[in-house]
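Data block below; observations after.
The basis for the numbers below is simple: all heavy atoms, side chains too, and nothing from hydrogens, waters or symmetry mates. Each residue takes its place number in the sequence, starting with 1. Remember, it's a predicted structure, so these values are computed and weren't measured experimentally.
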Amino acid sequence: MATASALSSLSSLSLHTRTTSSLISSSSKKPIVSFSSFLNRRVSSLTLVKASSNETETFFFEDETPEVTANVVFDPPIAPEGFVAPPYFDEGSDETEEEIATAFEELYGPAYSGESMLGKDIYVMDSKHKKSTGIGGKLKKDKIRDGFEERVVQVRRVTKVVKGGKQLKFRAIVVVGDKQGNVGVGCAKAKEVVAAVQKSAIDARRNIVQVPMTKYSTFPHRSEGDYGAAKVMLRPASPGTGVIAGGAVRIVLEMAGVENALGKQLGSNNALNNARATLAAVQQMRQFRDVAQERGIPMEELWK
């Protein structure tokens, strides 16, 4: 009964130890307790109660004045002057749709609804996004803006026989020119038509040739050129004649800016060979002032 009354008067603070030797000295057999960690608590007496276990012992500290801690009243500090308590999250007026839309735009970006609360033009952004992506979500390359125009002469499907079978590709022939005397012919292959045309345009820009012309936008003299089995004949023409030629020869002359000329394909009908034969014939032409300078005579002497 005495043990039961003692347990009823003990507080909840306890100290658990694993071994008896750490708390009871072997020589004196008296409990050794350190109160350094319990200075902030009011402890008057120590009651030792042995637990049922043989290895561990539990020590309870009895509070002398339990009514001091039991009857504590919370006393908050006085609020300063002008203090306004914040409202609860479920109080106050509801947010408007504009405020909600603005908050969503700040978090997730503008929604493609046609209206933006942050002042951004969504339609312009959407069009730029569509232009930047091509078929299948791939990035679409921007067109090269260097003053040259592109004309596709021919697109053919070609195959390459390998050990595993046939590889299908597309070959494109493209002519680029600024219509001011500069023209180039390019040829390339790719697995897609668009890629083949782009590669051909790049190849044509690497092989630019300058075409000599007079003030009447025609050739200074006759010329002939050949490439492989293709042979091309070029003749100057009077103003108002136009470009009288066919096939790849006409495209090359138009992209070069020639307005009056005569052209004829002699031999093969291959578009690539005829286009390159036209460039070979153009490269053989020379201006009158260049010839006079090489000979060291004035231009008037050339007509005597």
Side-chain angles (χ1 to χ4, degrees), residues 144 146-161 167-214 216-238 241-291 294:
I144 303 175
D146 53 358
F148 286 90
E149 299 181 8
E150 301 176 4
R151 286 276 298 275
V152 179
V153 178
Q154 187 185 69
V155 176
R156 295 184 63 179
R157 187 179 63 180
V158 295
T159 56
K160 179 182 178 181
V161 180
Q167 292 182 354
L168 176 63
K169 290 187 178 182
F170 294 93
R171 187 194 72 171
I173 304 173
V174 178
V175 178
V176 300
D178 57 356
K179 296 186 177 181
Q180 295 181 0
N182 297 317
V183 66
V185 177
C187 177
K189 301 174 185 177
K191 294 183 179 180
E192 297 179 359
V193 177
V194 178
V197 172
Q198 291 178 353
K199 292 172 64 176
S200 301
I202 295 174
D203 182 57
R205 285 176 169 83
R206 295 173 181 170
N207 304 300
I208 297 295
V209 175
Q210 189 172 6
V211 180
M213 291 186 295
T214 62
Y216 300 109
S217 299
T218 187
F219 302 125
H221 57 84
R222 299 183 178 185
S223 180
E224 294 181 359
D226 58 345
Y227 188 90
K231 187 176 182 181
V232 174
M233 177 183 62
L234 300 179
R235 298 288 186 270
S238 58
T241 304
V243 179
I244 302 177
V249 180
R250 181 185 184 88
I251 297 177
V252 172
L253 297 181
E254 287 180 351
M255 297 303 293
V258 179
E259 298 179 359
N260 304 295
L262 303 175
K264 182 66 177 177
Q265 297 180 4
L266 305 173
S268 175
N269 197 28
N270 187 279
L272 179 60
N273 289 347
N274 281 307
R276 291 179 173 174
T278 306
L279 296 183
V282 165
Q283 288 178 329
Q284 296 177 7
M285 298 181 182
R286 293 187 294 174
Q287 294 283 10
F288 292 111
R289 59 176 177 271
D290 297 335
V291 176
E294 290 178 2

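The nearest pair of heavy atoms linking Ala281 to Gly225 is CB-N, 3.5 Å. Scanning both residues, Val243 and Val258, for their nearest heavy atoms gives CG2-O, 3.2 Å. Looking at every heavy atom in both residues, Asp203 comes nearest to Cys187 through OD2-N, 3.1 Å. Between Pro220 and Pro212 the shortest heavy-atom distance is CD-O, 3.4 Å. Nearest heavy atoms, Val197 versus Val174: O-CG2, 3.9 Å. The nearest pair of heavy atoms linking Ile208 to Val176 is CD1-CG2, 4.0 Å.
Looking only at side-chain heavy atoms (C-beta outward), Asn182 and Phe148 come within less than 4.5 Å of each other.
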The test is side chain to side chain contact (heavy atoms under 4.5 Å, CB included); show your working for Lys189 and Arg156 and say whether it passes.
CA-CA 9 Å; Lys189 301 174 185 177; Arg156 295 184 63 179; over 6 Å; no
Should Gln154 and Leu272 be marked as a side chain to side chain contact (heavy atoms under 4.5 Å, CB included) after you check the CA-CA gap, both sets of side-chain angles, and the distance that decides it?
CA-CA 8 Å; Gln154 187 185 69; Leu272 179 60; 6.0 Å; no
Determine whether Leu234 and Val249 satisfy the following criterion, side chain to side chain contact (heavy atoms under 4.5 Å, CB included), listing intermediate values before the conclusion.
CA-CA 9 Å; Leu234 300 179; Val249 180; 4.1 Å; yes
Could you walk me through whether Phe219 and Val211 pass side chain to side chain contact (heavy atoms under 4.5 Å, CB included), step by step?
CA-CA 8 Å; Phe219 302 125; Val211 180; 4.0 Å; yes
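Using a 4.0 Å cut-off between charged side-chain N and carboxylate O, Arg205 and Glu150 make a salt bridge.
No donor-acceptor distance shorter than 3.5 angstrom exists from the side chain of Gln265 to the backbone of Lys231, with no hydrogens or angles considered. Of the possible polar contacts, none joining the His221 side chain to the Phe288 backbone as a donor-acceptor pair under 3.5 Å is found. For Lys179 (side chain) and Glu254 (main-chain N/O), no donor-acceptor pair under 3.5 Å exists by modelled atom type. Within the 3.5 Å criterion, the main-chain N or O of Gly184 finds no donor-acceptor partner in the side chain of Asn207. With hydrogens and angles ignored, the 3.5 Å screen pairs no side-chain donor or acceptor of Asn274 with any backbone N or O of Ala230. Remark: the backbone N or O of Ala237 is paired with a side-chain donor or acceptor of Thr218 at under 3.5 angstrom.
Atoms CD and CZ, from Glu149 and Arg151 in turn, are 9.0 Å apart once rounded to the nearest 0.5 Å. Distance NZ/Lys199 to CD/Glu192: 11.0 Å, rounded to 0.5 Å. Taking OG1 from Thr159 and NZ from Lys169, the interatomic distance works out to 11.5 Å, rounded to the nearest 0.5 Å. For the atom pair NZ of Lys191 and CG of Leu168, the computed distance is 10.0 Å after rounding to the nearest 0.5 Å. In this structure, Glu259 CD and Leu253 CG are separated by 12.0 Å, a value rounded to the nearest 0.5 Å.
In Gln210, the CD atom is not crowded: 12 or fewer heavy atoms of neighbouring residues, nucleotides or ligands sit closer than 6.0 Å.
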